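Lettering of chains follows the sequences in order, A, B, ..., and the numbering in each one begins at 1. It should be emphasised that the depicted structure is a prediction, and the values quoted were computed from it without experimental measurement.
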2 protein chains.
Amino acid sequence: MQNPKPLETASAHDRVYRGLRTRIMHGQIAPGHALTLRGLGKEFEVSMTPAREAVQRLVAEGALQMSTSGRVSTPELSNERIEELAALRALIEVELASRALPRAHMALIERLQSINSGIADVVSNRDAVGYIRTNLEFHRTLYLRAQAPAMLAMCETVWLQLGPTMRALYGRLRRTEAPQYHRLIIAALKAGDEPGLRLAVRSDVTQGLRMLAN
Amino acid sequence: MQNPKPLETASAHDRVYRGLRTRIMHGQIAPGHALTLRGLGKEFEVSMTPAREAVQRLVAEGALQMSTSGRVSTPELSNERIEELAALRALIEVELASRALPRAHMALIERLQSINSGIADVVSNRDAVGYIRTNLEFHRTLYLRAQAPAMLAMCETVWLQLGPTMRALYGRLRRTEAPQYHRLIIAALKAGDEPGLRLAVRSDVTQGLRMLAN
DNA sequence: ATAAGGCGTTTGTGATCACAAACGGGTGGT
DNA sequence: ACCACCCGTTTGTGATCACAAACGCCTTAT
């Protein structure tokens with residue numbers, strides 16, 4: 001029992017924050033979409049105050065942008081910024097995978113295979129949001145083994161910034177099966193092959209985002 | 001005239017945010033120090049609302065920690081977390097330096113040398129805050145040339161998280177002169193030596209933080 | 001037809017208030 | 001001497017309100 005009280009009552013701004021955050025990270029909101037404090041407050045059944053705190057926090061994390069007049073919306077990323085964020089993903093995720101490798105036992109690898117096979121389902125359903133969610137779950141499951149919470153937090157911040165853009169990306173590419181690089185990652189984990197793992201993770205991260213930047 | 005309107009009127013929560021942020025990043029607040037919303041509000045002559053937003057934002061960036069009861073304080077980092085943050089600095093700053101290298105002209109190198117010589121002054125004055133500020137200015141000046149705002153923002157977030165801890169570090173080590181690795185960085189820039197630059201930056205970043213983790 | 005101006009409405013900002021929880025110091029009991 | 005309990009005070013949370021700025025749509029003049 002490592003978590004006796006799973007926080008049965010979360011604060012209002014935390015509910016709004018978490019709700020918005022997963023929505024953005026999973027690509028459920030299109031780039032450039034506008035949000036209003038009163039609208040969010042009504043949607044989550046809170047007043048403007050918690051809605052404002054949640055929005056401010058997401059702005060600080062780069063998940064939302066704020067105009068000079070205070071209007072908030074999901075950002076429309078330039079190609080340069082997409083390239084930067086992809087490079088950050090490559091840097092951090094390669095390091096996380098490398099740190100997870102010596103701790104990756106068979107149970108973890110089986111879990112990854114299970115998640116990966118689930119990707120086939122969402123792909124066949126043309127479910128872009130499901131695809132992003134499952135893909136991120138695959139990566140997070142691996143990186144959790146790295147025992148590096150600060151790095152994982154940074155990594156998720158990058159995912160968050162790319163969320164709305166990822167929707168646009170995976171919406172236009174025609175996927176027919178689970179990504180090949182996920183299989184390479186699993187194979188490298190099984191073999192204990194660190195250089196191979198680093199290459200596979202770097203390829204998987206860079207692959208999709210390169211084509212978005214034309 | 002690249003900045004015609006330097007934002008002559010900043011919003012209240014932004015003033016609090018910026019004030020607190022530089023104070024934390026420069027190590028002017030000791031680890032574990034507690035802050036109160038009403039206290040901050042009185043100090044910056046605003047009500048609790050802007051103070052709360054500024055604090056929430058800094059908590060989101062990892063510059064402050066919040067207890068389950070909502071009390072905020074500067075974090076006391078574990079050795080594991082310090083090691084993680086140092087590794088993140090190494091990853092990101094090496095990349096930033098590498099991207100800045102092809103754009104580093106003579107004017108930049110002279111600017112860096114000027115900043116570096118300023119470090120001697122603050123060192124002789126036993127001015128820990130001045131040392132941290134000047135050191136960060138040295139790095140930021142170099143990284144600005146990388147034209148990678150997202151990476152620089154991530155980098156500064158790490159600096160922010162290490163701020164209070166850096167004060168404790170530089171307080172205990174006896175510095176007598178400007179860091180040797182800064183000279184190596186400048187030399188590598190002059191020579192256009194990318195591997196040497198990467199090594200110098202990595203060494204400079206890791207050097208101080210390794211000894212803190214015992 | 002197009003562009004500029006005006007006005008009602010929407011929206012963010014910051015202050016204030018009521019409330020509950022938590023902290024801290026002091027007291028009393030063992 | 002030490003520990004538990006209690007109560008006054010401090011503190012964070014969230015709702016509400018007044019205000020100013022910005023937005024959007026419509027009218028009007030050229």
Side-chain angles (χ1 to χ4, degrees), chain A residues 3-21 23-24 29-76 164, chain B residues 3-21 23-24 29-76 164:
Chain A
N3 204 356
K5 292 243 174 181
L7 207 52
E8 68 278 354
T9 12
S11 59
H13 79 261
D14 230 50
R15 279 190 299 115
V16 181
Y17 169 75
R18 267 194 261 272
L20 259 181
R21 182 187 141 102
R23 220 182 281 181
I24 294 169
I29 308 183
H33 187 77
L35 299 171
T36 65
L37 297 183
R38 288 177 175 84
L40 290 172
K42 188 174 180 183
E43 183 176 351
F44 287 92
E45 296 178 338
V46 295
S47 78
M48 294 173 56
T49 312
R52 239 164 75 189
E53 289 188 5
V55 163
Q56 278 283 354
R57 193 164 161 184
L58 288 164
V59 169
E61 297 179 35
L64 295 174
Q65 67 182 5
M66 179 174 287
S67 76
T68 58
S69 66
R71 254 71 167 193
V72 293
S73 60
T74 53
E76 304 183 81
Chain B
N3 203 358
K5 291 246 176 182
L7 206 52
E8 68 281 354
T9 14
S11 59
H13 79 261
D14 232 48
R15 279 190 298 116
V16 181
Y17 170 76
R18 269 194 257 272
L20 259 181
R21 182 186 139 103
R23 220 182 280 182
I24 294 170
I29 308 182
H33 186 76
L35 299 172
T36 65
L37 298 184
R38 287 176 175 85
L40 289 172
K42 188 173 181 184
E43 184 175 353
F44 286 91
E45 296 178 338
V46 295
S47 78
M48 295 173 57
T49 313
R52 239 164 72 189
E53 288 187 6
V55 162
Q56 278 284 354
R57 193 164 161 186
L58 288 163
V59 168
E61 296 179 33
L64 294 174
Q65 67 181 5
M66 181 175 284
S67 75
T68 58
S69 66
R71 254 73 166 190
V72 294
S73 59
T74 54
E76 304 183 82

Mind calculating the distance between [atom1] ([X]) and [atom2] ([N]) to the nearest angstrom?
{"X": "A:M48", "N": "D:dA15", "atom1": "CE", "atom2": "P", "value": "11 Å"}
{"X": "A:R57", "N": "D:dT13", "atom1": "CZ", "atom2": "P", "value": "11 Å"}
{"X": "B:K42", "N": "C:dG14", "atom1": "NZ", "atom2": "P", "value": "21 Å"}
{"X": "B:R38", "N": "C:dA18", "atom1": "CZ", "atom2": "C1'", "value": "11 Å"}
{"X": "B:R15", "N": "C:dT13", "atom1": "CZ", "atom2": "P", "value": "14 Å"}
{"X": "A:D14", "N": "D:dG12", "atom1": "CG", "atom2": "C1'", "value": "14 Å"}
{"X": "B:H13", "N": "C:dG12", "atom1": "NE2", "atom2": "P", "value": "13 Å"}
{"X": "A:L64", "N": "C:dG12", "atom1": "CG", "atom2": "C1'", "value": "15 Å"}

To the nearest 0.5 Å, what is the distance between CD (A:E53) and CG (A:L37)?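 Answer rounded to 0.5 Å: 11.5 Å.
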
Return the CG to CD distance between A:L20 and A:E43, rounded to the nearest 0.5 Å.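 Answer rounded to 0.5 Å: 7.5 Å.
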
Return the minimal non-hydrogen interatomic distance between A:A30 and A:P164, and the atom names on each side.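 So the two residues come closest at C-CB, 4.2 Å.
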
So, A:Y17 versus B:Q56: side-chain donor-acceptor pair below 3.5 Å or not?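 Checked: A:Y17/B:Q56 side chains show no N/O donor-acceptor pair below 3.5 Å.
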
Measuring from the side chain of B:S69 (C-beta onward, heavy atoms only), which nucleotide among C:dA22, D:dA15, C:dT13 has the closest atom?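 Nearest nucleotide to the side chain: C:dA22.
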
Between D:dG12, C:dT13, C:dT16, which nucleotide gets closest to the side-chain atoms of B:S47?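 Selected nucleotide: C:dT16.
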
Do A:R52 and D:dG14 have a side chain to base donor-acceptor pair shorter than 3.5 Å?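 Donor-acceptor pair under 3.5 Å: no.
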
Please determine whether a side-chain nitrogen or oxygen atom of A:T49 lies at a distance below 4.0 Å from atom OP1 or OP2 of D:dT13.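 For D:dT13, neither OP1 nor OP2 has a side-chain N or O of A:T49 closer than 4.0 Å.
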
Return the 5'-most residue of the pair A:S67, A:P50 with respect to DNA chain D, ranking by each residue's nearest nucleotide.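 The residue whose closest nucleotide sits nearer the 5' end is A:P50.
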
Select base, sugar-phosphate, or nothing to describe what B:L35 touches, counting heavy atoms under 4.0 Å on all strands.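 The residue B:L35 makes sugar-phosphate contact but no base contact.
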
Do B:V72 and B:L58 have side chains that approach each other closer than 4.5 Å (heavy atoms only, starting at C-beta)?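 With C-beta onward as the side chain, the pair stays apart.
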
